[in-house]
Amino acid sequence: MRKIIAAGNWKMNGSREMTQTLLSELKTGLQAGTNADVLVFPAFGYLQQAVELVKGSVIQVGAQNLSTAEKGAFTGEMSGAMLKDLGCTHVLVGHSERRAMNHETSEVVAEKFAMAQKTGLVPVLCVGETLSEREAGNTKVVVAAQLQAVLDHCGVDSLADSVLAYEPVWAIGTGKTATPEQAQEVHAFLRNTLSALDAKIADSLRILYGGSVKGANASALFAMQDVDGGLVGGASLDSGQFLEICAAA
Ligand code: PGA
């Protein structure tokens, strides 16, 4: 049995006050226990505050990005070692917003994946197709190529200590969720692709779905055989919604 992950990607939202309020509401809401592994990904500036606030709870803190470099003259960047030093356990790599807006290629994403693992962080590798890619019938080709870049750079064994997230770009922040069947089809494809290389790793790897997940649709998505949780943007900023998603686990 793969344990469900409820992960909240806060993106560039929040403040000290919001971090305090949201995390204390989540802590209270999760006090009675949860079947999910619960992760939050605040912006860099609030990581330390978040790490302090989640102490004594089940919530773990991750970052939204890391540098490909170890250290040095990289103005504005954060290294994996710094994130680890701050108390982060996870880091997102290859989120579609970074691929699109920061021109991160799949090769750069693979370097970040490797650096995350080198510094003791669990990478959450995001893959997903745009609407035009889906409409052209290229969904599987696109996600396979995004995954292949990491396989080429790091090898299949590296997937053992990672999380995969399928996030169709057309479903992110649009309110247009993939149907559970659409999600399942791609999740099964990703798992089968890995299974051909290493069945054990493929079977234990958790594959999250992301794209307009909310309290109302989480149960149906998590009920699918190969959907092992959600990477949640907008709804993770609302404690009621996010707790509902945790409860769907
Ligand atoms: P959304 O974002 O839930 O707001 O669609 C998901 C994500 O980008 O991880």
Side-chain angles (χ1 to χ4, degrees), residues 4-14 18 22 26 36-44 46-47 50 59-66 88-104 106 109 112-113 116 121-131 133-134 139 142-143 146-147 162-180 182-184 186-187 190 206-222 224 227-249:
I4 294 282
I5 296 178
N9 174 10
W10 295 2
K11 308 193 180 183
M12 200 172 74
N13 294 295
M18 190 215 79
L22 185 51
L26 293 182
D37 282 339
V38 183
L39 304 172
V40 293
F41 294 83
F44 283 146
Y46 302 105
L47 288 172
I59 305 167
Q60 292 182 295
V61 177
Q64 298 171 16
N65 181 35
L66 82 166
C88 291
T89 54
H90 293 69
V91 62
L92 301 181
V93 297
H95 190 282
S96 64
E97 285 153 17
R98 295 207 58 88
R99 289 181 192 263
M101 298 171 200
N102 300 79
H103 314 293
E104 288 187 12
S106 289
V109 172
K112 292 189 173 195
F113 184 99
L121 297 164
V122 178
V124 180
L125 171 66
C126 307
V127 300
E129 82 289 3
T130 62
L131 184 59
E133 287 165 341
R134 172 163 283 260
T139 297
V142 169
V143 297
Q146 290 170 337
L147 179 60
S162 76
V163 176
L164 191 54
Y166 168 56
E167 297 205 299
V169 179
W170 49 271
I172 294 179
T174 57
K176 215 176 143 197
T177 322
T179 64
Q182 282 174 322
Q184 169 60 25
V186 181
H187 284 227
L190 289 166
R206 286 178 291 178
I207 309 178
L208 314 184
Y209 166 78
S212 299
V213 176
K214 38 187 184 283
N217 58 28
S219 298
L221 287 160
F222 298 174
M224 303 312 286
V227 178
D228 310 311
L231 180 54
V232 187
S236 72
L237 300 171
D238 178 319
S239 61
Q241 282 286 321
F242 195 62
L243 286 168
E244 217 182 303
I245 293 163
C246 295

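Both counts, for ligands and for their atoms, begin at 1 and track the order of listing. All heavy atoms count here, side chains included; hydrogens, waters and symmetry mates do not.
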Have a look at ligand 1 and work out which part of Ile172, if any, has a heavy atom under 4.0 Å from it: side chain, backbone, both or neither. both
Please round to the nearest 0.5 Å and tell me the distance separating atom CD1 of Ile5 and atom CG of Leu39. 5.5 Å
Hey, looking at atom 7 (C) of ligand 1, which of Glu97, Lys176, Glu167 has the closest heavy atom? Glu167
Please check this pair: side chain of Arg206 against backbone of Val227, looking for a donor-acceptor N/O pair closer than 3.5 Å. no
Inter-residue atom distance Ile207.CD1 - Asp228.CG, 0.5 Å rounding: 6.5 Å
So, is Gly233 polar-close to ligand 1, with some N/O to N/O distance under 3.5 Å? yes
Nitrogen or oxygen of Gly234 less than 3.5 angstrom from that of ligand 1: yes
If the cut-off is 4.0 Å to any non-hydrogen atom of Gly173, which atoms of ligand 1 fall inside it? 1 (P), 4 (O), 5 (O)
Minimal non-hydrogen separation, Lys214 against Gln241, with atom names: CB-OE1, 3.3 Å
Residue pair His95 / Glu104, side-chain donor-acceptor N/O under 3.5 Å: no
Residue Asn9 vicinity, atoms of ligand 1 by number, heavy atom under 4.0 Å: 9 (O)
Ligand 1 atoms in contact with Ser212 (distance to a heavy atom under 4.0 Å): 1 (P), 3 (O), 5 (O)
Going by the side-chain contact (heavy atoms from CB on, under 4.5 Å) test, name the single residue among Asn65, Leu66, Leu231 that passes it with Leu92. Leu231
Atoms of ligand 1, numbered as shown, that sit under 4.0 Å from any heavy atom of Gly211: 5 (O)
Thr174, any N or O under 3.5 Å of ligand 1 N or O: no
Compute the minimum heavy-atom distance from Lys11 to ligand 1 and say whether it is under 4.0 Å. yes
How about Gln182 and Tyr209: does a side-chain donor come under 3.5 Å of a side-chain acceptor? no
Once you restrict to heavy atoms under 4.0 Å, what part of Ser96 touches ligand 1? Side chain, backbone, both or neither. neither
Element-labelled atoms of ligand 1 that are located less than 4.0 Å from some non-hydrogen atom of His95: 7 (C), 8 (O), 9 (O)
Using modelled atom types only, decide if a donor and an acceptor are shared between the side chain of Asn13 and the backbone of Trp10 within a distance under 3.5 Å. yes
Give the atom numbers and elements of ligand 1 that come within less than 4.0 Å of a heavy atom of Ala171. 5 (O)
Is it the case that ligand 1 has an N or O less than 3.5 angstrom from some N or O of Gly210? no
With distance as the sole test, does Asn217 use its side chain to make a donor-acceptor pair with the main-chain N or O of Ser212 at under 3.5 Å? yes
